[in-house]
Amino acid sequence: YLIKEKISQIDGLRVLCLSLDGSDKIHDYIRRKKGAYKSVLEAARLARKKKMPVYFRTVLSRLNLSQIDFILNLASRLEIGVLFQPATQNLYGTAGINSIAPFPKEYRKAIDKLIIEKRNGNKYIHTPIPVLKYIRRWPRPSKISCISERIFFHLRPDAILYPCIWNRDLKALKGRDCLRMGVKEAIRTLPKTSPCDGCWDVAVCNFNFSFFEAGINTEKAVENNSIF
């Protein structure tokens, strides 16, 4: 993490999202870098000191399903919210199998635990109950209306813009080079993506549920399977 070195450049950032996988040993192991956990906490404290909104995102895999209590306790101590989502079955942007994707039965138990915690008033779980119920269906595909290409996009560190980064074949999407084309032209000429079978990016799901289901009892709709 370069937050300490770049903090002045991101001053005024609307929100900062930091990955958190669990305790220091678990997080460092998953990130394959000693001291990665310490860097996350340092970045979070620096952001809070600058009055910058910050939250954690925890990707649930077979390596950290047992870490939920630790993560929630840490979130409470630091007063930072957490978004939870499943690890994908395929490696990012490819059709390769993700070897640490959680076992479905154990994963659903973890989500059930989060739903109970949320219902009991845990304010640090920033994944709404309707979204938790939706991602509980993982890995079974479940279509969802999506605002991708309309009000949000994905910009990679190399300045390539995509309508969505969860497509299995990013090369086939033919992203747009913002440095060469400019951001406005890159957005205007973005290729349209085909509808997804479902989405496990919880931040995207939060947007979709709040945007399309405004004024609707989404929790009841999910229970009745009428939202899809």
Side-chain angles (χ1 to χ4, degrees), residues 14-22 53-62 64-76 79-90 98 101-154 163-167 193-228:
R14 188 171 182 180
V15 64
L16 177 66
C17 174
L18 300 170
S19 295
L20 177 67
D21 300 310
V54 59
Y55 68 88
F56 295 129
R57 185 194 297 236
T58 296
V59 177
L60 296 171
S61 70
R62 66 183 63 177
N64 68 348
L65 287 178
S66 64
Q67 295 288 298
I68 288 178
D69 286 334
F70 175 89
I71 292 168
L72 290 179
N73 288 334
L74 178 64
S76 178
E79 297 185 323
I80 294 176
V82 189
L83 291 177
F84 292 90
Q85 71 181 56
T88 56
Q89 285 187 300
N90 300 95
N98 183 1
F103 297 112
K105 185 176 181 179
E106 284 73 15
Y107 166 76
R108 286 192 290 271
K109 287 181 180 179
I111 296 299
D112 288 341
K113 176 183 178 67
L114 289 172
I115 290 173
I116 292 171
E117 286 278 346
K118 184 76 173 178
R119 282 178 170 161
N120 288 338
N122 192 317
K123 63 181 181 180
Y124 298 108
I125 301 173
H126 278 197
T127 311
I129 287 178
V131 178
L132 285 171
K133 288 184 175 182
Y134 173 76
I135 65 172
R136 187 185 184 277
R137 299 179 177 192
W138 181 94
R140 292 174 293 150
S142 187
K143 288 187 180 295
I144 182 173
S145 298
C146 187
I147 55 176
S148 177
E149 306 171 3
R150 279 171 274 184
I151 70 170
F152 79 87
F153 312 92
H154 292 270
C164 180
I165 58 172
W166 295 109
N167 189 284
T193 60
S194 57
C196 297
D197 290 332
C199 182
W200 309 121
D201 185 312
V202 75
V204 174
C205 289
N206 283 358
F207 268 121
N208 289 332
F209 272 69
S210 61
F211 185 83
F212 284 108
E213 304 304 325
I216 296 176
N217 186 332
T218 54
E219 184 172 351
K220 185 176 181 180
V222 170
E223 290 178 340
N224 295 334
N225 200 32
S226 62
I227 194 171
F228 307 111

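The two residues Y124 and S76 have their closest heavy-atom pair at CE1-CA, 3.6 Å. Annotation for T88 and A101: closest pair O-CB, 3.7 Å, computed over non-hydrogen atoms.
Under the 3.5 Å distance criterion, the side-chain polar atoms of Y134 are matched with a main-chain donor or acceptor of S142. Panel note: side chain T58, backbone L20; a donor-acceptor pair is recorded below 3.5 Å. N73 contributes no side-chain N or O that, together with a main-chain N or O of F70, makes up a donor-acceptor pair within less than 3.5 Å. Put simply, the side chain of R57 never gets that close to the backbone of L18: no donor and acceptor are under 3.5 Å apart. Looking only at distances, a side-chain donor or acceptor of Q85 sits under 3.5 Å from a matching main-chain atom of V202.
Side-chain contact between D21 and Q67 is absent, with no heavy-atom pair separated by less than 4.5 Å. Here the side chains of L114 and L72 are in contact, with some heavy-atom distance below 4.5 Å. Between W138 and R108, every side-chain heavy-atom pair lies at or beyond the 4.5 Å cut-off. Contact check for F84 versus I71: side-chain heavy atoms found under the 4.5 Å cut-off. The shortest distance between side-chain heavy atoms of L132 and R136 does not fall below 4.5 Å.
To the nearest 0.5 Å, atoms OH (Y107) and CG (L65) are separated by 9.0 Å. Atom CD1 of residue I111 and atom CD1 of residue I116 lie 12.0 Å apart, to the nearest 0.5 angstrom. Here the OG1-NZ distance, from T127 to K118, works out to 7.5 Å after rounding to the nearest 0.5 Å. Between the CG atom in L16 and the CZ atom in F56 there is a gap of 9.5 Å [rounded to 0.5 Å]. Between the CD1 atom in I80 and the CG atom in L74 there is a gap of 7.5 Å [rounded to 0.5 Å]. Atom CG of residue L60 and atom CD1 of residue I135 lie 7.0 Å apart, to the nearest 0.5 angstrom.
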Report task. Report the C-alpha separation of N206 and H126 in whole Å, then their side-chain angles, then the decisive distance to 0.1 Å, and conclude whether the side chain to side chain contact (heavy atoms under 4.5 Å, CB included) test is met. Result -> CA-CA 9 Å; N206 283 358; H126 278 197; 5.8 Å; no
